[in-house]
*Asks:* 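One structure is given below, represented as structure tokens, and several questions about it will come after.
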Amino acid sequence: MVEPPQTDEGWYALHDFRRVDWDAWRDAPERERARAVEEGTAFLQSHEAVADAEEGATAVFSILGHKADVLVLHFRPTLDALSAAERRFEGTALAGFTERADSYVSVTEVSGYVSDDYFEGNEEELDEGLRRYIEGKLEPDIPDDEYVSFYPMSKRRGEEHNWYDLSFEERADLMSGHGEVGREFAGRIKQVIASSVGFDDFEWGVTLFGADPADIKDIVYEMRFDEASSKYGEFGEFYVGRRFPPTDLGAYLAGEPVPTGEHSANEASPSPHGEAAHAHGEHAAHGEGGHAHDDAAGHPHGGGHGEDGDGDDDGGHHEHGDGDGGADEDIRGELADLDIYAGKPHGEDVYATVLYSEANPDALWEEVEGLRGNFEHYGSHVKTAVYEGRATDRAAVVSIWETASAADTAAGFLSELPDIVSRAGEESGFGTMGMFYTVKPEHQGDFVEKFDVVGELLEDMEGHHETDLMVNREDENDMFIASQWRSKEDAMGFFRSDAFRDTVSWGRDVLADRPRHVFLA
């Protein structure tokens, strides 16, 4: 018997496609339409907030063409929770103006193509990037304000080409080649592949998300020429649309463009909760039968039944500059009293994601350069760079964006990079990082020497764990200081010291720009 891959299941998915009875909608009294909008909005808002379950995700999309008008997409931990969400919609006044055009039931999964250690119970052997990748596949989120394409697919079982007659190794090789094509779309496409074997008419449901709908077309088109699809792929109907917030339901039914300008940031995020070109293992694909859109999404992990991933929020830590929390505001207020600028890095409206890796810096840079090329397609991208430590053996990958959601999404891609060991702010204690110390070229050596002097002082300070000066491998005059403390109070003790004040004063002469500090609690 041909060896099937092992699988592990996560959240269940319901794609609920609805068609609006536009004649009935136009003929209904205004009060009935208002009630339908009110109840429909309340239903969608409560489900997006996952008020009906402990975990999950929900989103609503407008659908183009005759096949449907609206898609309500639910992810929930159980089939029973999906059933409840489905029936609760039928209890709204809005449901009376719709009929179901189609639906699809499936469950997210990972397979044995991803990692032997995972299925053998050796989770402690998994590297951090792979662990986050698996978590993101089993419990995916849904990107904000993105275009969507959904289609079901199966693997062919014909007389000449039968996927299920191939050995595990043959299938793995085909998926690996398939993934190479998908990597070209890292940072542009996020996908969720869910198994529907035993649940629906096809074997997988494929959901693609992208800021540019042309990217969705391009990846499907290019994958069709790969042998894994050209010989073994069979596809159902395609649906395409765009996400909009529940508060735009009235605008949608009134024929206005959605998302409306009021709610749409119109900032493309690097979708993709998705998604780096580092493969854990050699096999990549989506769904045993897939286009390896995972890899497209930048998650080139093994493929088997739905083995692709979003990783969208898999890792990384985005800093909101001024911060929204009270603790962050308190820190910044204290620093302001000390005449220390604690604003956001590189300006007033950008967000930082920082991850640390122990990979070879040259190999890490090659992977980051590929991702950065995709990030640069987006207007919200500010900067992505690799910084090498002087006192430690790890490098830092720093990615700066104009929106928090984009930075968070980029973190998902970056968490798949080689040998990621941590993200800024996740170590114990209190982290502080001075971002973008841009040094005048003639003072670069002076700055490094000054840091070494301060570093010796820090080693003797109570509550100090580690501090390193990290240098941009593309620009030796661009640096940041990563520092870890036992507590906020210990760090603030240093900032209040005469030694730090002297350093700040000295820096005004050697720095080309004002240093900006980010605090990671």
*Asks:* If you apply the rule side chain to side chain contact (heavy atoms under 4.5 Å, CB included), what do you find for I142 with F209, and how did you get there?
*Replies:* CA-CA 8 Å; I142 304 172; F209 302 96; 3.9 Å; yes
*Asks:* Specify the closest pair of heavy atoms between D69 and V20, including all atoms of both residues, with the distance to one decimal.
*Replies:* OD2-N, 2.7 Å
*Asks:* State, to 0.1 Å, how close Y232 and H161 come at their nearest heavy-atom pair, and which atoms those are.
*Replies:* CE2-CB, 3.8 Å
*Asks:* In chain order, what residues pass the side chain to side chain contact (heavy atoms under 4.5 Å, CB included) check against S103, with sequence neighbours excluded?
*Replies:* L14, R100
*Asks:* Determine, stepwise, if the pair Y12 / F199 fulfils side chain to side chain contact (heavy atoms under 4.5 Å, CB included).
*Replies:* CA-CA 10 Å; Y12 292 84; F199 293 160; 3.9 Å; yes
*Asks:* Do the ring planes of F225 and Y221 sit parallel (below 30°), tilted (30 to 60°) or perpendicular (above 60°)?
*Replies:* perpendicular
*Asks:* Please step through ring pair (Phe, Tyr, Trp, His ring centres under 6.0 Å) for the pair F150 and Y104, ending with a clear verdict.
*Replies:* CA-CA 10 Å; F150 172 80; Y104 206 83; 5.4 Å; yes
*Asks:* Would you please name every residue forming a side chain to side chain contact (heavy atoms under 4.5 Å, CB included) with A395, sequence neighbours left out?
*Replies:* L364, V386
*Asks:* Just verifying a value: how many Å separate L249 CG and L94 CG, rounded to the nearest 0.5 Å?
*Replies:* 5.5 Å
*Asks:* Checking R372 against E474 for the salt bridge (Lys or Arg N to Asp or Glu O under 4.0 Å) test, could you report, in this order, the C-alpha distance in whole Å, the side-chain angles of both residues, the deciding distance, and whether it holds?
*Replies:* CA-CA 13 Å; R372 184 172 67 177; E474 297 174 271; 2.9 Å; yes
*Asks:* Taking all non-hydrogen atoms of both residues into account, name the closest pair between W22 and L253 and its distance.
*Replies:* CZ3-O, 3.7 Å
*Asks:* If you apply the rule salt bridge (Lys or Arg N to Asp or Glu O under 4.0 Å), what do you find for K383 with E376, and how did you get there?
*Replies:* CA-CA 8 Å; K383 175 180 182 177; E376 288 173 350; over 6 Å; no
*Asks:* Go through it in stages, so that I can follow the logic: the residues are S149 and Y239, the test is side-chain hydrogen bond (donor to acceptor under 3.5 Å, both in side chains), and I'd like the CA-CA distance, side-chain angles, deciding distance and then a yes or no.
*Replies:* CA-CA 5 Å; S149 174; Y239 295 84; over 6 Å; no
*Asks:* Centre of Y356's six-membered ring, under 6.0 Å away, within 45 degrees of the axis: is that where NZ or CZ of R394 sits?
*Replies:* yes
*Asks:* Nearest 0.5 Å please: distance from the CG atom of L73 over to the NE2 atom of H47.
*Replies:* 12.5 Å
*Asks:* Given side chains that start at C-beta, do those of T92 and F97 come closer than 4.5 Å, heavy atoms only?
*Replies:* no
*Asks:* By the salt bridge (Lys or Arg N to Asp or Glu O under 4.0 Å) test, which pairs, at least two apart or in different chains, include something from residues 47-66?
*Replies:* E48-R243, D52-R76
*Asks:* Between D102 and R18, does any side-chain N to carboxylate O distance fall below 4.0 Å?
*Replies:* no
*Asks:* Side chain of N162, backbone of Y164: donor and acceptor closer than 3.5 Å?
*Replies:* yes
*Asks:* Run the side chain to side chain contact (heavy atoms under 4.5 Å, CB included) check on D218 and V220 step by step: do they pass?
*Replies:* CA-CA 6 Å; D218 289 344; V220 174; over 6 Å; no
*Asks:* Which pair of heavy atoms, one from A396 and one from V354, lies closest together, and at what distance?
*Replies:* CB-CG1, 4.3 Å
*Asks:* Quick one: pull up NE2 in H74 and CH2 in W11 and give me the separation to the nearest 0.5 Å.
*Replies:* 14.0 Å
*Asks:* Give a yes or no answer on whether the side chain of S357 reaches the backbone of P418 with a donor-acceptor pair at less than 3.5 Å.
*Replies:* yes
*Asks:* Would you say S167's side chain and E170's backbone share a donor-acceptor pair under 3.5 angstrom?
*Replies:* yes
*Asks:* Could you tell me whether a side-chain N or O of R156 sits under 3.5 Å from a main-chain N or O of G233, the two making a donor and an acceptor?
*Replies:* yes
*Asks:* Are side-chain heavy atoms of S195 and T7 found at a separation under 4.5 Å?
*Replies:* no
*Asks:* Salt bridge or not for E146 and R188, using N-O below 4.0 Å?
*Replies:* no
*Asks:* Just by distance, do the side chain of E203 and the backbone of K155 share a donor-acceptor pair under 3.5 Å?
*Replies:* yes
*Asks:* According to salt bridge (Lys or Arg N to Asp or Glu O under 4.0 Å), who are the partners of D362, at least two apart in sequence or on a separate chain?
*Replies:* R473
*Asks:* Test S399 against T384 for side-chain hydrogen bond (donor to acceptor under 3.5 Å, both in side chains), laying out the working first.
*Replies:* CA-CA 4 Å; S399 193; T384 297; 2.8 Å; yes
*Asks:* With a 4.5 Å cut-off on side-chain heavy atoms, are I189 and I216 touching?
*Replies:* yes
*Asks:* Can you confirm whether E139 sits close enough to T108 that some side-chain heavy atom of one is under 4.5 Å from a side-chain heavy atom of the other?
*Replies:* no
*Asks:* Once rounded to the nearest 0.5 Å, what's the spacing between atom CG of N374 and atom CG of D215?
*Replies:* 8.5 Å
*Asks:* Between A251 and T260, what is the shortest heavy-atom contact and its length?
*Replies:* CB-CG2, 3.7 Å
*Asks:* Suppose we screen for ring-ring contact (aromatic ring centres under 6.0 Å, His included). Which residues come up paired with F89, at least two apart in sequence or across chains?
*Replies:* F43
*Asks:* Would you indicate whether the side-chain heavy atoms of R171 and W163 approach each other to under 4.5 Å?
*Replies:* yes
*Asks:* Checking E99 now: which residues fulfil salt bridge (Lys or Arg N to Asp or Glu O under 4.0 Å) with it, not counting sequence neighbours?
*Replies:* R19
*Asks:* Is there side-chain contact between Y387 and V398, with at least one heavy-atom pair below 4.5 Å?
*Replies:* yes
*Asks:* Between L417 and V397, does the side chain to side chain contact (heavy atoms under 4.5 Å, CB included) criterion hold? Intermediate values first, please.
*Replies:* CA-CA 9 Å; L417 290 167; V397 180; 3.9 Å; yes
*Asks:* If you define the side chain from C-beta out and look only at heavy atoms, does anything of S62 sit under 4.5 Å from F244?
*Replies:* yes
*Asks:* Is there a side-chain contact between P140 and F75 in this structure, where contact means two heavy atoms from C-beta onward sitting under 4.5 Å apart?
*Replies:* yes
*Asks:* Could you grab the distance from atom CG of L208 to atom NZ of K217, nearest 0.5 Å is fine?
*Replies:* 14.0 Å
*Asks:* Run the side-chain hydrogen bond (donor to acceptor under 3.5 Å, both in side chains) check on S229 and E227 step by step: do they pass?
*Replies:* CA-CA 5 Å; S229 290; E227 185 177 1; over 6 Å; no
*Asks:* What distance do R242 atom CZ and L71 atom CG have between them, rounded to the nearest 0.5 Å?
*Replies:* 15.0 Å
*Asks:* Among V70, D248, V72, which residue meets the side chain to side chain contact (heavy atoms under 4.5 Å, CB included) test with L44?
*Replies:* V72
*Asks:* Closest approach of F202 and F235, non-hydrogen atoms and distance?
*Replies:* CE2-C, 3.8 Å
*Asks:* On the 0 to 90° scale, with breaks at 30° and 60°, tag the F375-H381 ring pair as parallel, tilted or perpendicular.
*Replies:* tilted
*Asks:* Between the side chains of D226 and R224, is the shortest nitrogen-to-carboxylate-oxygen separation below 4.0 Å, so that they form an ion pair?
*Replies:* no
